[in-house]
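Keep in mind that the numbers below use all heavy atoms, side chains included, and drop hydrogens, waters and symmetry copies. Whatever order the structure lists them in is the order used to number ligands and atoms, beginning at 1.
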Amino acid sequence: MVVAIDGPAGSGKSTIAKRAAEALGFHYLDTGAMYRAIAVQARAQGVALDNAAALRAIAETDPIEFGYTDGDVLPSRVFIAGTEVTDAIRTPEIDVAVSPVSALREVREALVAQQRMLAEGAADEGIGYVVEGRDIGTVVFPDAAVKVFLTASAEERARRRAAQNLERGLEVDYEATLADIVRRDEYDSQRELSPLRPADDALIVDSTIMTIEYVTNLIVEQVEQVRSA
Ligand code: DC
């Protein structure tokens with residue numbers, strides 16, 4: 001069973017997707033981390049962010065893998081071609097570089113194929129998958145058993161993102177964070193390929209004033225409903 005969690009930057013997707021995966025005993029896949037890893041690899045190799053052929057080569061040949069930190073049940077580390085990029089994918093520079101990378105058909109095709117393979121592998125073992133991204137319910141898994149589209153006001157999302165960066169020891173500028181969120185929302189929703197939008201059958205949840213526990217329970221309940229149907 002696939003649980004698709006889509007939504008804009010800072011909507012709480014990652015926190016909630018992880019909590020739901022833990023509560024359900026499902027695997028967890030952060031597809032944004034995959035697009036980010038391609039952007040980091042492009043930067044490391046001096047590949048221009050609009051060089052579709054070179055980016056396709058990276059996406060098709062450099063394996064992206066997820067790893068665990070001791071004691072954790074969900075993966076939190078990211079590797080591309082064997083190099084750890086867990087911290088490198090979360091810098092403000094990559095926040096910007098990842099947009100053009102994720103807008104390329106060549107990159108999306110390669111990564112969507114990998115995302116489907118991962119979920120199929122888990123399904124073969126009878127394990128569910130919580131998958132978070134932008135196009136999971138619309139394009140990657142249109143038949144997902146549960147689809148949730150998480151939103152929150154841009155101001156609340158900027159506040160959350162700034163708090164996260166502060167925790168990571170990064171310098172924080174709230175106005176710049178808000179501007180980046182608004183820019184990415186526009187870019188992600190207006191791009192031609194797989195734009196950010198809720199699937200017609202997604203449950204739309206505005207998390208601005210909801211707690212993480214409340215939204216997590218909502219998702220767990222949806223899964224239970226599907227199971228008992
Ligand atoms: O969720 P995130 O902020 O880590 O995602 C990073 C970028 O990747 C974001 O700008 C949108 C893009 N993305 C995408 O196009 N499709 C996905 N399924 C996941 C992320």
Side-chain angles (χ1 to χ4, degrees), residues 2-18 21 28-43 49-50 52 55-56 58-59 64 66 75-78 80 85-119 129-142 144 147-152 154 157-158 160-165 168 170 177-199 202 207:
V2 169
V3 176
I5 303 190
D6 290 302
S11 58
K13 279 190 319 277
S14 297
T15 308
I16 284 162
K18 283 183 204 156
Y28 160 73
L29 179 61
D30 174 1
T31 61
M34 300 174 78
Y35 290 94
R36 288 171 177 273
I38 303 293
V40 167
Q41 190 74 333
R43 279 267 182 264
L49 300 177
D50 59 355
L55 287 161
R56 175 204 284 272
I58 292 174
I64 297 170
F66 293 91
S76 57
R77 301 171 69 190
V78 186
I80 182 159
V85 291
T86 308
D87 294 328
I89 61 171
R90 304 287 171 199
T91 64
E93 189 203 350
I94 295 300
D95 282 349
V96 174
V98 69
S99 290
V101 168
S102 66
L104 288 174
R105 176 183 304 279
E106 290 80 355
V107 171
R108 300 203 74 84
E109 281 175 357
L111 293 190
V112 167
Q114 291 171 32
Q115 291 155 16
R116 290 183 178 145
M117 250 163 49
L118 285 168
Y129 234 120
V130 177
V131 185
E132 64 152 290
R134 301 290 191 289
D135 59 340
I136 308 306
T138 50
V139 174
V140 188
F141 299 110
K147 296 181 186 178
V148 174
F149 190 87
L150 263 185
T151 63
R157 291 187 285 122
R160 291 177 188 169
R161 182 54 54 95
Q164 241 175 28
N165 285 344
R168 289 198 188 106
L170 297 173
T177 308
L178 179 60
D180 180 60
I181 281 200
V182 170
R183 176 193 66 78
R184 276 215 281 161
D185 282 359
E186 260 181 35
Y187 194 100
D188 292 345
S189 358
Q190 285 170 14
R191 71 176 177 220
E192 197 180 320
L193 271 177
S194 307
L196 172 70
R197 67 166 182 83
S207 76

| field | Glu132-ligand 1 polar pair, N/O distance under 3.5 Å | value | no
| request: Consider ligand 1: state whether an atom of it lies below 4.0 angstrom from any non-hydrogen atom of Gln115. | output: no
| field | Side chain, backbone, both or neither: the part of Arg108 lying under 4.0 Å from ligand 1 by heavy atom | value | side chain
| Would you say Asp30 has any N or O atom under 3.5 Å from an N or O of ligand 1, going by distance alone? | no
| request: Specify the closest pair of heavy atoms between Leu49 and Ala97, including all atoms of both residues, with the distance to one decimal. | output: CD1-CB, 3.6 Å
| Check: Ser194 main-chain N/O paired with Arg191 side-chain donor or acceptor under 3.5 Å | yes
| remark: Residue set satisfying side chain to side chain donor-acceptor pair (under 3.5 Å) with Gln41, at least two apart, ordered chain then number -> Asp62
| Of the protein's non-hydrogen atoms, which lies at the shortest distance from atom 13 (N) of ligand 1, and what is that distance? | Arg134 CG, 3.7 Å
| field | Value rounded to 0.5 Å, distance of CG in Leu170 from OG1 in Thr91 | value | 8.0 Å
| Please, which pairs that meet salt bridge (Lys or Arg N to Asp or Glu O under 4.0 Å) have at least one residue in residues 90-99, sequence neighbours excluded? | Asp30-Arg90, Arg36-Asp95, Arg43-Glu93
| message | Using modelled atom types and a 3.5 Å cut-off, is there a donor and acceptor pairing between side-chain atoms of Asp6 and backbone atoms of Gly137? | response | yes
| atom 6 (C) of ligand 1: which of Arg161, Arg183, Arg36 has the nearest heavy atom? | Arg36
| task | Considering only non-hydrogen protein atoms, determine which one is nearest to atom 10 (O) of ligand 1 and report residue, atom name and distance to 0.1 Å. | result | Arg184 NH1, 3.2 Å
| remark: Scanning both residues in full, the closest heavy-atom pair of Pro100 with Tyr187 reads CA-OH, 3.4 Å
| said: Suppose we measure from atom 20 (C) of ligand 1 to each protein heavy atom; which comes out shortest, and what is that distance? | reply: Gly32 CA, 3.5 Å
| field | Contact partition for Asp188 relative to ligand 1, non-hydrogen atoms under 4.0 Å | value | side chain
| remark: Of all protein heavy atoms, the one nearest atom 18 (N) of ligand 1 is Asp135 OD1, 2.8 Å
| Can you name the nearest heavy-atom pair linking Ala17 to Tyr28, along with the distance? | CB-CE1, 3.7 Å
| task | Examine ligand 1 and decide if any of its atoms is less than 4.0 Å from a heavy atom belonging to Arg191. | result | yes
| query | Would a distance-only check, ignoring hydrogens and angles, find a side-chain to backbone donor-acceptor pair under 3.5 Å from Lys147 to Ile136? | reply | no
| request: Heavy-atom contacts with Lys13 under 4.0 Å: which atoms of ligand 1 show up? List them by number with element. | output: 1 (O)
| task | Identify, for atom 19 (C) of ligand 1, the protein heavy atom at the shortest distance, and state residue, atom and that distance. | result | Thr31 OG1, 3.4 Å
| query | Taking only heavy atoms of Val98, which atoms of ligand 1 are found under 4.0 Å from at least one of them? | reply | 7 (C), 8 (O), 10 (O)
| Charged N-O contact under 4.0 Å between Asp185 and Arg157 | yes
| Any idea which atoms of ligand 1 are less than 4.0 Å away from a heavy-atom of Ser102? | 12 (C), 15 (O)
